[in-house]
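Protein chains get the first letters and strands the later ones, always in sequence-line order, with residue 1 at the start of each.
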Amino acid sequence: MLFHNKLIAWYLQNKRYLPWRETKNPYAIWLSEIILQQTRVAQGLPYFEAFLTTYPTVFDLADAKEDDIMRLWQGLGYYSRARNLHATAKKIAYERNGVFPDNYKDLLTLKGVGEYTAAAIASIAFDQIVPVVDGNVFRVLARIYGITSDISASSTKKEFQLLASELISPNEPATFNQAIMDFGAIQCTPKSPLCHNCPFTNDCVAFQTNQIENLPVKLGKVKVKKRYLDFFIFLDNNKKTLIEQRTQKDIWQQLYQFPIVDRFVDNKIDVHSILQDKYPSIKYENITLLNTEHIIHILSHQKLHIHFWLINTSENIDKGTYWKDLNNFGFPIVIHNFINSLNLKHLTKQ
DNA sequence: AATACGGGGTT
DNA sequence: AACCCAGTATT
């Protein structure tokens with residue numbers, strides 16, 4: 001039996017219900033694919049629903065304020081996706097009358113749309129015969145075909161694209177692509193794959209040679225830098241605080257934060273001199289370290305050690321934001337969670 | 001070709 | 001603690 005027939009047969013019996021599979025609307029499919037980049041279905045699902053409800057069409061998304069998009073994206077990570085999402089929505093809405101490109105090559109020109117996403121949209125929305133190669137496809141094909149190339153090497157992708165292009169069903173490319181990804185997510189999982197009832201065990205090189213644990217081959221480990229962040233939470237008698245937007249090319253671009261001291265060495269900071277230096281006009285009554293233990297927050301390339309300082313002042317912070325309005329802004333999730341953990345009354349009493 | 005970019009779930 | 005997730009853009 002042909003590979004694609006066997007795979008699709010498995011899919012029809014085992015596929016997940018996913019809302020973006022109930023439509024051929026390129027906008028909804030594009031939205032789902034951007035959200036799902038490096039993101040588990042379970043994590044992305046509520047964001048997909050929220051975006052589609054808030055912005056039912058590409059025109060609604062194009063007309064949105066970037067800050068609102070960033071706030072809705074809050075907690076999903078890889079925030080350049082949200083910025084590129086907005087840029088592409090504007091392009092589709094204003095330059096193309098809301099019409100998405102209908103083929104792989106033209107989809108590839110959109111911001112935030114790379115080889116995987118272009119192939120996914122081209123096949124799923126427009127039935128083009130273009131194979132997707134994502135983490136699932138790497139794993140499934142590496143095992144079944146016994147491919148030992150290092151999947152973290154950028155040159156390896158071509159090898160898998162070529163194989164996948166030979167395997168894809170020419171009649172049902174959309175179904176095939178979703179099938180191979182579901183198969184990787186459900187059956188051929190990274191750890192403890194379900195080989196006992198797998199339809200491919202007779203063909204699977206990794207299974208036949210007892211190499212399931214060793215495939216795919218992934219070399220190269222990311223080095224994680226330690227970084228030390230101290231945030232200053234000013235609070236005046238009107239319950240206003242100071243926030244700022246991160247505009248530099250760095251983590252959390254375009255999100256908001258409290259005034260910060262940020263360094264890559266674990267040295268003590270002198271809060272008083274920093275305040276005098278950076279905020280000489282603000283006289284403060286009280287400085288309190290709100291978390292005696294570092295808050296640890298792990299990113300893909302950085303391990304953050306975070307302190308939050310409360311600075312009570314009796315002077316009015318003119319450019320401040322009312323505490324109750326903080327939820328109108330997108331914050332890094334670690335800051336958002338800390339804000340929600342605080343009891344405002346307790347803070348103002350000090 | 002290598003690196004940066006989030007946050008969370010699994011093992 | 002390591003691994004990985006429906007990857008992309010930048011260097």
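Counting non-hydrogen atoms under 4.0 angstrom, Arg139(A) reaches the backbone sugars and phosphates but no base. Note on Val222(A): nothing from the nucleic acid sits closer than 4.0 angstrom, heavy atoms only. If you check every strand for non-hydrogen atoms under 4.0 Å, Gln253(A) touches nothing. No contact: Trp73(A) has no heavy atom under 4.0 Å from any strand.
Between His297(A) and dG7(B) there is a side-chain polar atom (N or O) within less than 4.0 angstrom of OP1 or OP2.
For the C1' atom pair drawn from dC5(C) and dC5(B), the interatomic distance equals 14 Å after rounding to whole Å. Between the P atoms of dA6(C) and dT11(B), the separation comes to 13 Å (whole Å). dC4(C) and dG6(B) have their C1' atoms separated by 13 Å, given to the nearest Å.
Judged purely by atom type and a 3.5 angstrom limit, Thr189(A) uses its side chain to pair as donor or acceptor with the backbone of Lys191(A). A distance-only check finds a donor-acceptor pair linking the side chain of Thr313(A) to the backbone of Lys283(A) [under 3.5 Å]. At distances below 3.5 Å, not a single donor-acceptor pair connects side-chain atoms of Lys157(A) with backbone N or O atoms of Ser152(A).
Protein chain A contacts DNA chain C from dC4(C) to dT11(C), reading 5' to 3' and using non-hydrogen atoms of the protein with a distance under 4.0 Å.
For NZ of Lys6(A), the number of neighbouring non-hydrogen atoms (other residues, nucleotides, ligands) closer than 6.0 Å is greater than 12. Other residues, nucleotides and ligands contribute more than 12 heavy atoms inside 6.0 Å of the NZ atom of Lys278(A).
Rounding to the nearest 0.5 Å gives a distance of 11.0 Å between CD of Glu33(A) and CG of Leu107(A). One finds the CG atom of Leu141(A) at 11.0 Å from the CD1 atom of Ile151(A) (value rounded to the nearest 0.5 Å).
Protein atom CG of Asn337(A) is 12 Å distant from nucleotide atom C1' of dG8(B), rounded to whole Å. Spacing between atom CG of Asp250(A) and atom C1' of dG6(B) amounts to 13 Å, rounded to whole angstrom units. Atom pair Ile306(A):CD1 and dG6(B):C1' shows a separation of 12 Å (rounding to whole Å applied). Here dG7(B) presents its P atom at 9 Å from CD1 of Ile335(A), a figure rounded to the nearest Å. Atom CG in Asn84(A) sits about 12 Å away from atom P in dG6(B), given to the nearest Å. Rounded to an integer number of Å, the gap from CD1 of Ile333(A) to P of dC5(B) is 19 Å. The distance from atom CD of Gln254(A) to atom P of dC5(B) is 15 Å, rounded to the nearest whole Å.
The closest side-chain donor-acceptor pair between Thr109(A) and Asp106(A), if any, does not fall under 3.5 angstrom. Inspection of the Asn238(A) and Asn316(A) side chains reveals an N or O donor paired with an N or O acceptor under 3.5 Å.
Aromatic pair Phe176(A)/Tyr11(A): centroids not less than 6.0 angstrom apart.
Sequence order on DNA chain B of the closest nucleotides to Lys191(A) and Ser80(A) puts Ser80(A) first from the 5' end. Projected onto DNA chain C by closest heavy-atom contact, Glu115(A) and Pro190(A) fall at different nucleotides, the more 5' of which corresponds to Pro190(A).
Tyr279(A) shares a hydrophobic cluster with Phe232(A), Phe234(A), Leu242(A), Val261(A), Ile269(A), Val271(A), Ile274(A), Leu275(A), Ile282(A), Tyr284(A), Ile287(A), Leu289(A), Trp309(A), Ile311(A), Ile317(A); the chain of contacts runs through ILVMFWY side chains whose heavy atoms sit under 4.5 Å apart.
Near DNA chain B, meaning a heavy atom under 4.0 Å from it, residues 149-186 of chain A has Ser154(A), Ser155(A) in order of number. A heavy atom closer than 4.0 Å to some atom of DNA chain B occurs in Gln38(A), Thr39(A), Arg40(A), Gln43(A), these being the qualifying members of residues 30-45 of chain A. Contacts between residues 121-138 of chain A and DNA chain B, counted as heavy-atom distances below 4.0 Å, involve no residue at all.
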Working for salt bridge (Lys or Arg N to Asp or Glu O under 4.0 Å), residues Arg263(A) and Asp230(A): CA-CA 9 Å; Arg263(A) 69 271 185 215; Asp230(A) 286 79; 2.5 Å; yes
Side-chain polar contacts of residues 45-56 of chain A - donor-acceptor pairs under 3.5 angstrom, sequence neighbours left out - could you list them?
from     : atom 1 : to       : atom 2 : distance (Å)
Tyr47(A) : OH     : Gln74(A) : O      : 2.8
Thr53(A) : OG1    : Glu49(A) : O      : 2.8
Thr54(A) : OG1    : Ala50(A) : O      : 2.7

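Using cut-offs of 30° and 60° on the angle between ring planes, the pair Phe100(A) and Tyr27(A) is tilted.
There is a path of hydrophobic side-chain contacts, each under 4.5 Å, that joins Phe258(A) to Met70(A).
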